[in-house]
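Structure first, then comments.
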Amino acid sequence: MKCIGVLALQGAFKEHIDIIESLGHKGVEIRKVEDLNSIDGLILPGGESTAMGKLLVDFNLKEILIQKIRDGLPVWGTCAGMILLAKEIVDDKTTHLSLMDIVVRRNGYGRQLGSFKVNGIFKGIENKISMVFIRAPYIESVGKDLEVLGKIDEKIVAAKENNMLVTSFHSELTDNLETHRYFINMIDR
Ligand code: GLN
């Protein structure tokens, strides 16, 4: 059994905890530095990246997270979580954890009509999975050591760099458990 932390400052964290538990693992809400002690992996959920980025600073979590992820803690950023991990955000000077070699476009599908659901291919998962996009970012370009895991309409929506996984979409809002299984399998590799 793995112990998976989910950053719980803001956004869609509860749904991730429920899926982790339904897969027989332990989900831990992360709000303070001590919560990080026992975890084997960490999910940065969807929500609002600007707000979450500020809260990471206010709760003294930013520096320790950077350190732990650099040291190899497996991390999965969904949607806003992807933005938190990116080294570059298009048309924006701000970065947050700035760890992953991706250039991300926020609200890549437009702000108003930006929510939709599709079935898409995710490399490493056998069947197409259900992907929900909510004012989602997409990845405009990736560094050379990155593995692209999914594209929808030529836009990169899933990628992996060593211990870091990012997806533009929310799997926690669908009945697809496969992306969570994929992430849990990244632990101890
Ligand atoms: N649009 C949000 C942002 O830029 C992300 C949306 C989401 O996480 N569903 O932070």
Side-chain angles (χ1 to χ4, degrees), residues 4-20 27 29-31 41-59 61-62 65-66 69 74-120 122 129-142 148-161 164-180 182-183:
I4 316 280
V6 184
L7 187 68
L9 302 177
Q10 196 263 340
F13 54 88
K14 183 76 179 65
E15 293 84 352
H16 282 290
I17 300 267
D18 291 346
I19 294 182
I20 291 163
E29 294 182 7
I30 305 290
R31 292 197 183 78
L42 174 69
I43 296 177
L44 305 173
E48 218 290 318
S49 57
T50 310
M52 247 191 274
K54 286 198 179 108
L55 291 168
L56 280 179
V57 175
D58 294 349
F59 285 71
L61 283 164
K62 182 174 171 177
L65 278 187
I66 292 173
I69 297 168
V75 63
W76 172 19
T78 61
C79 207
M82 166 195 272
I83 299 166
L84 293 181
L85 285 169
K87 279 193 182 164
E88 196 177 329
I89 303 169
V90 177
D91 295 335
D92 199 334
K93 287 189 295 295
T94 331
T95 54
H96 302 283
L97 301 172
S98 198
L99 290 164
M100 191 162 175
D101 205 0
I102 51 176
V103 180
V104 163
R105 182 174 287 276
R106 288 182 70 188
N107 301 306
Y109 302 88
R111 277 168 198 274
Q112 308 301 329
L113 276 167
S115 301
F116 56 96
K117 186 172 174 177
V118 291
N119 288 326
F122 187 104
I129 58 168
S130 169
M131 304 172 172
V132 170
F133 294 79
I134 304 170
R135 294 183 305 282
Y138 64 77
I139 303 175
E140 284 217 338
S141 62
V142 297
V148 172
L149 299 175
K151 277 188 187 179
I152 298 291
D153 294 338
E154 298 306 306
K155 292 178 175 137
I156 303 171
V157 296
K160 182 173 171 297
E161 180 181 1
M164 296 180 281
L165 171 69
V166 286
T167 57
S168 298
F169 52 86
H170 294 256
S171 343
E172 77 286 4
L173 303 178
T174 69
D175 52 13
N176 144 41
L177 306 180
E178 294 309 314
T179 335
H180 286 77
Y182 181 95
F183 175 62

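Just the heavy atoms: all of them, side chains too, but no hydrogens, waters or symmetry mates, feed the values below. Indexing begins at 1, ligand by ligand and atom by atom, following the structure's order.
- With Thr78 contributing its side chain and Gly46 its backbone, the two residues share a donor-acceptor pair below 3.5 Å.
- For the pair Leu65 and Leu84, the minimum side-chain heavy-atom distance is 4.5 Å or more.
- Between Trp76 and Phe183, the ring planes lie tilted relative to each other; the angle falls in the 30° to 60° range.
- Between His180 atom NE2 and Asp18 atom CG the span is 9.5 Å, to the nearest 0.5 Å.
- Sorted by chain then number, the residues whose non-hydrogen atoms approach ligand 1 to under 4.0 Å are Gly46, Gly47, Glu48, Ser49, Cys79, Ala80, Ile83, Arg106, Asn107, Ile134, Arg135, His170.
- The two atoms that bring Glu140 and Arg105 nearest to each other are OE2-NE, 2.6 Å, heavy atoms only.
- A salt bridge does not link Glu48 to Lys54: none of the charged side-chain nitrogens sits closer than 4.0 Å to a carboxylate oxygen.
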